[in-house]
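Reading through the structure tokens given below for one structure.
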Amino acid sequence: MTKSRRPAHWLMKTEPETFSIDDLARVKVEPWTGVRNYQARNLMRDQMQVGDRVLFYHSNAEPSGVAGLATIHRTGVVDETQFDPASPYHDPASRRDEPRWICVDVAFEHKLPRLIPLAELREVPALADMVLLRKGSRLSVQPVTPAEYALIVKLATKPAPTPAASRASRTTARR
DNA sequence: GCCAACGTTGGC
DNA sequence: GCCAACGTTGGC
């Protein structure tokens with residue numbers, strides 16, 4: 001029995017050449033397979049709940065950044081790639097009766113009006129504590145605060161800052 | 001392509 | 001349990 005709570009917020013990374021926001025838009029729901037990091041797995045397995053909100057992040061991209069929104073559609077999903085010898089994510093040590101890699105189904109919500117590049121996120125003082133922006137942080141599944149989530153959604157409705165505007169706002173902010 | 005930072009593996 | 005070597009992530 002799990003105590004009910006407000007939806008939590010997450011950021012999930014994917015390389016768009018492998019699986020992009022447009023791919024998710026097409027298939028609607030996708031099992032988040034291939035995560036082979038225990039910390040990321042534990043967040044999916046133990047913390048995520050149906051209805052939680054997700055920032056869908058493109059990594060290793062040009063540019064990398066937040067591309068869209070998704071929701072957690074189902075939890076406790078067995079990552080089938082661990083049992084597939086042909087998969088790059090095959091885990092020969094994992095057993096059917098005790099699967100090591102548990103993930104979630106992620107459902108498409110919408111694409112952001114524009115992609116928010118990583119460099120732009122770094123310019124926003126209120127986002128300075130995001131896990132994504134911490135030095136050396138490379139968790140592919142990570143928590144986001146409600147405020148961070150709301151701010152990024154709001155940023156996406158505004159035009160991309162020009163380099164000059166970006167410099168000006170930084171100068172203003174320092175004042 | 002480079003490389004910093006991190007995680008995992010395995011010898012001892 | 002320590003830690004060096006190795007592999008991976010992911011920005012640039």
Side-chain angles (χ1 to χ4, degrees), chain A residues 8-25 30-48 52-70 72 77-96 98-106 108 111-112 114-145 148-149 151-153 155-156 158 160-167 169-170 173:
Chain A
H9 300 75
W10 309 96
L11 180 146
M12 299 175 88
K13 295 181 188 173
T14 170
E15 302 198 6
E17 291 204 1
T18 304
F19 189 81
S20 71
I21 189 69
D22 292 324
D23 293 321
L24 185 62
E30 178 76 3
W32 208 257
T33 58
V35 171
R36 293 295 178 269
N37 171 283
Y38 288 104
Q39 202 179 341
R41 179 205 66 181
N42 292 349
L43 290 174
M44 289 197 289
R45 188 190 61 184
D46 306 333
Q47 302 294 130
M48 286 185 175
D52 283 357
R53 292 162 188 159
V54 176
L55 297 173
F56 191 101
Y57 180 87
H58 284 177
S59 64
N60 262 319
E62 287 180 19
S64 294
V66 179
L69 304 182
I72 302 303
V77 176
V78 173
D79 179 341
E80 288 298 326
T81 65
Q82 69 194 301
F83 302 119
D84 178 3
S87 168
Y89 305 117
H90 182 226
D91 183 351
S94 184
R95 292 165 32 196
R96 264 284 168 202
E98 205 176 334
R100 177 177 296 177
W101 303 106
I102 302 294
C103 63
V104 295
D105 282 353
V106 169
F108 179 71
K111 237 179 129 161
L112 289 180
R114 66 185 182 90
L115 181 138
I116 312 296
L118 178 61
E120 185 177 340
L121 298 176
R122 290 195 191 284
E123 296 286 319
V124 181
L127 298 179
D129 289 334
M130 278 190 81
V131 175
L132 180 74
L133 304 183
R134 288 184 199 154
K135 184 176 161 67
S137 162
R138 37 171 233 203
L139 252 195
S140 66
V141 173
Q142 50 180 259
V144 170
T145 70
E148 290 163 350
Y149 181 95
L151 181 48
I152 289 170
V153 170
L155 268 183
K158 299 179 174 176
T162 62
S166 167
R167 274 194 302 277
S169 74
R170 244 177 300 139

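What separates OH of A:Y38 from C1' of B:dT9 is a distance of 12 Å, to the nearest Å. Whole-Å rounding puts the A:N42 CG to B:dG7 C1' distance at 14 Å. For the pair A:M130 CE and C:dG10 P, the computed distance is 14 Å after rounding to whole Å. One interatomic measurement links the two molecules: CH2 of A:W101 to P of B:dG7, which rounds to 13 Å at whole-angstrom precision. Atom pair A:Y57:OH and C:dT9:C1' shows a separation of 11 Å (rounding to whole Å applied). One can place CG of A:L118 at 14 Å from C1' of C:dT9, the figure rounded to the nearest angstrom. What separates CD of A:E120 from P of C:dC12 is a distance of 14 Å, to the nearest Å. Atom pair A:L132:CG and C:dT9:P shows a separation of 16 Å (rounding to whole Å applied).
At a cut-off of 3.5 angstrom, counting only N and O atoms as typed in the model, there is a donor on one side and an acceptor on the other between the side-chain of A:R138 and the base of C:dT8.
Residues A:N37 and A:N60 each lie close to DNA chain B; by heavy-atom proximity, the contact nearer the 5' end of the strand is made by A:N60.
At most 12 heavy atoms of other shown residues, nucleotides or ligands fall within 6.0 angstrom of atom OH in A:Y89.
Here A:K13 does not reach the OP1 or OP2 of C:dT9: none of its side-chain N or O atoms lies under 4.0 Å away. In terms of phosphate contacts, A:K135 brings no side-chain nitrogen or oxygen within less than 4.0 Å of OP1 or OP2 of B:dA4.
Residues A:W32 and A:F56 place their aromatic rings such that the two centres sit under 6.0 Å apart.
Heavy atoms of A:R134 sit nowhere under 4.0 angstrom from any nucleic acid atom.
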_Test log, rule salt bridge (charged side-chain N to carboxylate O under 4.0 Å, His left out), inputs A:D22 and A:K111_ = CA-CA 8 Å; A:D22 292 324; A:K111 237 179 129 161; 3.0 Å; yes
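With A:E98 contributing its side chain and A:R95 its backbone, the two residues share no donor-acceptor pair below 3.5 Å.
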